[in-house]
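What follows is a set of notes on a single structure, which appears directly below.
Not measured: the values here are computed from a predicted model. Sequential numbering from 1 along the given sequence is applied to the chain's residues.
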Amino acid sequence: MQYLHTMVRVSDLDASLYFYCDLLGLKEVRRKENDKGRFTLVFLAAPEDEARSAELKAPELELTYNWEPEAYSGGRNFGHLAYRVDDIYALCQHLQDNGVTINRPPRDGHMAFVKSPDGISVELLQKGDALEPREPWASMENTGSW
């Protein structure tokens with residue numbers, strides 16, 4: 001058995017690509033348009049997974065955009081996506097500077113949670129050992145749910 005991808009439905013493809021690619025740093029590796037089914041599939045890979053994605057089509061995040069408007073809810077019951085990051089403080093600052101709420105700040109220098117434009121929880125985990133706690137993160141309260 002081999003893990004291939006996780007699919008999440010998105011209501012605004014441009015907003016989702018901005019969040020996942022421009023802000024989180026994932027790379028679009030391929031895209032499929034289906035005129036008959038009226039949907040677009042966009043496959044993303046983390047930078048360190050691009051070579052495996054090219055060879056194996058895995059591990060990836062599949063964004064499914066249905067062309068007919070549809071409201072999605074319940075992102076929390078999906079669970080979450082998780083990504084290991086080089087510097088959790090720098091990424092959280094970048095996200096926050098771009099209007100993303102840090103739902104669970106990286107108080108411990110190890111873990112944070114944010115949400116995509118569609119309410120999908122994304123866990124960020126520090127690569128290697130936890131960073132030393134620092135402000136403003138160390139004293140920042142949780143916001144909303146994740």
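In terms of modelled atom types and a separation under 3.5 Å, the side chain of Gln126 and the main chain of Asp86 share a donor-acceptor contact. No donor-acceptor distance shorter than 3.5 angstrom exists from the side chain of Asn66 to the backbone of Glu68, with no hydrogens or angles considered. Remark: side-chain polar atoms of Arg107 are paired, donor with acceptor, to backbone N or O of Met140 under 3.5 angstrom.
Leu24 and Val100 fall within the same hydrophobic cluster, where Ile, Leu, Val, Met, Phe, Trp and Tyr residues are linked whenever their side-chain heavy atoms come under 4.5 Å apart, directly or through other members. Residue Leu56 is not grouped with residue Val29 when hydrophobic side chains (ILVMFWY) are merged at heavy-atom distances under 4.5 angstrom, including chains of intermediate members. Linking ILVMFWY residues whenever their side-chain heavy atoms come closer than 4.5 Å, directly or via other members, leaves Leu17 and Phe39 in distinct clusters. There is a path of hydrophobic side-chain contacts, each under 4.5 Å, that joins Tyr18 to Leu124. Linking Ile, Leu, Val, Met, Phe, Trp and Tyr whenever their side-chain heavy atoms come within less than 4.5 Å leaves Phe19 and Phe43 in two separate clusters.
For the residue pair Glu62 and His5, the shortest heavy atom distance occurs at OE1-NE2, 2.8 Å. In terms of heavy-atom proximity, Tyr83 sits nearest to Val122 at CD1-CG1, 3.9 Å. Of all heavy-atom pairs spanning Leu23 and His94, the tightest one is O-CD2, 3.3 Å. Of all heavy-atom pairs between Glu123 and Phe113, the closest is CB-CE2, 3.4 Å. Shown here for Lys127 and Glu48, the closest heavy-atom pair between the two residues is NZ-OE2, 2.8 Å. When every heavy atom of Cys21 is checked against every heavy atom of Glu28, the shortest pair comes out as SG-N, 4.2 Å.
Here CG of Leu61 is found 15.0 Å from NZ of Lys27. Values are rounded to the nearest 0.5 Å. Taken from CZ in Arg9 to CG in Leu63, the straight-line distance is 12.0 Å, to the nearest 0.5 Å. With rounding to the nearest 0.5 Å, the separation of CZ in Arg104 from CD1 in Ile102 is 11.5 Å. Rounding to the nearest 0.5 angstrom, the gap separating the CG atom in Asp49 from the CG atom in Leu44 is 12.0 Å. How far CG of Asn103 is from OG1 of Thr143: 6.5 Å, rounded to the nearest 0.5 Å. Note: His80 NE2 to Thr6 OG1 = 10.5 Å, rounded to the nearest 0.5 Å.
In this structure, Arg31 places its CZ atom where more than 12 heavy-atom neighbours from other residues, nucleotides or ligands lie under 6.0 Å away. Within a 6.0 Å sphere centred on CD of Glu141, heavy atoms belonging to other residues, nucleotides or ligands number 12 at most. For Glu135, the CD atom sits in a packed shell: over 12 heavy atoms of surrounding residues, nucleotides or ligands are nearer than 6.0 Å. Within a 6.0 Å sphere centred on CG of Asp129, heavy atoms belonging to other residues, nucleotides or ligands number 12 at most.
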Working note: Ile120 + Val10, criterion side-chain contact (heavy atoms from CB on, under 4.5 Å); need CA distance, chi angles, decisive distance, verdict.
CA-CA 9 Å; Ile120 302 297; Val10 301; over 6 Å; no
Start with the C-alpha gap between Glu60 and Arg30, add the side-chain angles, then the distance that decides, and say whether salt bridge (Lys or Arg N to Asp or Glu O under 4.0 Å) holds.
CA-CA 10 Å; Glu60 297 171 337; Arg30 70 183 181 287; 2.6 Å; yes
Start with the C-alpha gap between Leu125 and His110, add the side-chain angles, then the distance that decides, and say whether side-chain contact (heavy atoms from CB on, under 4.5 Å) holds.
CA-CA 6 Å; Leu125 296 167; His110 175 70; 3.7 Å; yes
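Scored by the side chain to side chain donor-acceptor pair (under 3.5 Å) test, Ser16 finds Asp118 as partners (sequence neighbours excluded).
Exactly one residue among Leu13, Leu41, Val42, Asp12 makes a side-chain contact (heavy atoms from CB on, under 4.5 Å) with Tyr65. That residue is Leu13.
Looking only at side-chain heavy atoms (C-beta outward), Asn34 and Trp67 stay at 4.5 Å or farther from each other. A 4.5 Å side-chain heavy-atom check between Lys57 and Leu4 finds every atom pair outside the cut-off. Side-chain atoms of Asn142 and Pro105, non-hydrogen and from C-beta on, do get closer than 4.5 Å to each other.
Using the six-membered ring where Trp is involved, Tyr89 and Trp137 have ring planes that are parallel, under 30° apart on the 30 and 60° scheme.
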